[in-house]
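Read the structure below first, then the notes.
Atoms within a ligand are numbered from 1 in the order they appear, just like the ligands themselves. We're numbering straight along the sequence, starting at 1. These figures come from a predicted structure and were not determined experimentally.
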Amino acid sequence: MLIFDKGTKGRRTEYIPACDVPVTELPEGDRRIAPLCMPELSENDVSRHYSELERKTHGVNDGFYPLGSCTMKYNPKAADAAAAMEGFTSIHPLAPKEDVQGCLEVLSTAEKYLCEITGMSRFTLQPAAGAHGEFTGLLLIKAYHRARGDMKRTKIIVPDSAHGTNPASAAMAGFEVVNIASGPDGCIDLDTLRAACDDTVAGLMLTNPNTVGLFDKNIAQVTGIVHACGGLCYYDGANLNAVIGIVRPGDIGFDCMHLNLHKTFATPHGGGGPGSGPVGCRADLVRFLPGQVVDRDAQTGLLSFSKEPDSIGDMRSFYGNFLIVVRALTYITILGRQGIPQASSHAVLNANYMMACLKDTYHMAYDETCMHEFVMSLEDLKDKTGISALDIAKGLLDAGIHPPTMYFPLIVHEALMIEPCETESKETIDQAVEVLKALKDEALKDPEDLKSAPHHTPVTRLDEVNAARHPKLRWSAPGDSAM
Ligand SMILES: *Cc1c(COP(=O)(O)O)cnc(C)c1O
């Protein structure tokens, strides 16, 4: 039931004191024509409504959430506590720099740590998400070639295993996208790459470990081949959770990259909240960085903002999503130099353990040591029983487990992509393995029942096609057309 359908006319929660300043009327033309339609409820009603909604959804606080490619990991509550501190929440972006030195220190320290973690020279904290970071990085690559007068580099190479945002960002930045097929091992095929490289290539976009959860063993050759033809290498850092503190993109030949602070560094992804996709680059690209960078004035000792000389311009207002950076810095500081690589190692161990437990039950798309995630293909099961990856995913819901990523990456048919994350216990993983094994049994013995799963969730199987084709994105009050 919607909050608008609850409550009673005239019911209120009144906390606002009576107005003690003169009331000013809005000019005639700016006033609403129809009265504002608002739900009318008491505080109790509102509080219960949101608790009810909370019970109907599934979050990392409710149970296992093994969503591949979009790390849904446990984020320490301490990071939220830090981001809720008044000194961080009550500032204004136009406050004089003398008043916000602490906040500038957060930005500056976070940038320093991100550089150390990735091997980049500098970062801009402006981009608001991974895809926004990709777009920013591609504009840096474009500016780099332009500044050298090399105008014929119009192509960006993207492997077919890439996240969909990669080719989209390249196209938006005005490049022609050259798609190259992965080898049978899920990694870049070096001969295919060589054949695609010439003096019209501006760069390559790559995530490593890639979207099938494998670390490309030829990575140094891959970046070498692109550099040899004069192109730059862009690292999509969304999968950094697998190698953070262990491998630095800057050390394996990447020239610029983004990080998803909302995947790797203590902000939950997928909640629709604000994100942060900082972009880092090597020294000779720094002069193109967007927006504001924080530097310490040698004379006054104060931190302040400045713009790079050949900046591509602002990518977002002010300094990006500041509180997400506060969370990331808190996370990095809590884990420290030892804890960060430990977290990655546990993420990789958990994924390999779960994959090993399931190997005899489900077909693994790539049967080798994985990184932070692994991909199963249910193509055989579907041929044999009619049960698809979607049916298994829906069956998981009845066991209180959030489904893994389905039907991605596109190069694996009937894909389920599982990323258990570092903070899940052996018991949780064991239980999920049992559920997945039981679902396979059910697929073989009683497929019809599974086809209508889930049966115990607040809503059962939804008409996803209708929802995608005819989305209802806005609620309107009956008869309300004057907004
Ligand atoms: C999530 C993801 C992106 C896009 O990041 P957003 O923050 O969602 O825009 C890009 N590449 C990969 C591999 C991802 O997993």
Side-chain angles (χ1 to χ4, degrees), residues 65-73 75 114 118 123-139 156-173 177 179 182 186-188 203-216 219 233-244 247 249 254 256-280 315-316 320-321 324-325 327-328 347 351 370-375 404-412 415-421:
Y65 204 132
L67 205 57
S69 189
C70 284
T71 306
M72 281 301 300
K73 60 189 203 177
N75 297 296
L114 296 183
T118 58
F123 267 87
T124 167
L125 303 171
Q126 259 195 352
H132 198 197
E134 292 167 21
F135 181 61
T136 306
L138 287 159
L139 293 184
I156 291 286
I157 301 174
V158 181
D160 58 2
S161 65
H163 194 269
T165 50
N166 289 189
S169 304
M172 263 188 78
V177 179
N179 216 287
S182 306
C187 296
I188 295 269
L204 163 84
M205 292 181 90
L206 198 65
T207 183
N208 190 37
N210 60 20
T211 54
V212 296
L214 301 176
F215 191 91
D216 201 312
I219 192 64
C233 296
Y234 182 87
Y235 183 86
D236 173 340
N239 289 335
L240 200 78
N241 204 39
V243 293
I244 175 175
V247 176
F254 286 96
C256 58
M257 65 174 293
H258 79 262
L259 287 167
N260 298 56
L261 297 190
H262 52 278
K263 288 183 183 174
T264 316
F265 296 96
T267 292
H269 186 57
S276 177
V279 170
M315 295 305 293
R316 198 182 173 282
N321 283 327
I324 309 299
V325 179
R327 283 185 176 84
C370 67
M371 296 299 291
H372 60 308
E373 61 195 5
F374 62 94
V375 184
T405 297
M406 314 179 296
Y407 299 96
F408 180 80
L410 303 177
I411 52 175
V412 177
L416 284 182
M417 173 188 236
I418 300 182
E419 178 177 4
C421 288

Those atoms of ligand 1 less than 4.0 Å from some heavy atom in Thr165: 3 (C), 4 (C), 10 (C), 11 (N)
May I ask you to identify the nearest protein heavy atom to atom 11 (N) of ligand 1, giving residue, atom name and distance to one decimal place in Å? Asp236 OD2, 2.5 Å
If you have a sec, work out which protein heavy atom is nearest atom 1 (C) of ligand 1 and how many Å separate them, to one decimal? Lys263 NZ, 1.4 Å
Which option, Pro409, Ala238, Ser276, owns the non-hydrogen atom nearest atom 12 (C) of ligand 1? Ala238
closest protein heavy atom to atom 9 (O) of ligand 1 is Ala131 N, 2.8 Å
What is the minimum heavy-atom distance between Gly130 and Asn260, and which atoms define it? CA-ND2, 3.6 Å
Hey, does Thr211 come in under 3.5 Å of ligand 1, counting only N/O atoms on both sides? no
Return yes if a side-chain donor-acceptor contact under 3.5 Å exists between Thr207 and Asn239, otherwise no. yes
For the pair Thr267 (side chain) and His262 (backbone), establish whether a donor and an acceptor sit closer than 3.5 Å, ignoring hydrogens and angles. no
List ligand 1 atoms under 4.0 Å from Ala129, heavy atoms only on the residue side. 7 (O), 9 (O)
Is any side-chain heavy atom of Val375 closer than 4.5 Å to one of Leu416? no
Given the rule in the side-chain hydrogen bond (donor to acceptor under 3.5 Å, both in side chains) test, do His258 and Tyr234 qualify, once you have shown the distances and angles that lead to the verdict? CA-CA 8 Å; His258 79 262; Tyr234 182 87; 2.8 Å; yes
Contacting atoms of ligand 1, where contact means under 4.0 angstrom from a heavy atom of Glu134: 10 (C), 11 (N)
Are Asn166 and Glu134 packed together at the side-chain level, in the sense that at least one heavy-atom pair is separated by less than 4.5 angstrom? yes
Considering only the protein, which heavy-atom contact is closest to atom 5 (O) of ligand 1, and what is its distance? Asn260 ND2, 3.0 Å
When distances are taken from atom 8 (O) of ligand 1, the protein heavy atom at minimum range is His269 CE1, 3.5 Å
When rounded to the nearest 0.5 angstrom, what is the spacing between CE in Met371 and CG in Asp216? 11.5 Å
What part of His132 sits under 4.0 Å from ligand 1 if we count only heavy atoms: the side chain, the backbone, both or neither? neither
If you have a sec, work out which protein heavy atom is nearest atom 6 (P) of ligand 1 and how many Å separate them, to one decimal? Gly130 N, 3.4 Å
How far apart are the closest heavy atoms of Pro159 and Asn179, and which atoms are they? C-OD1, 4.0 Å
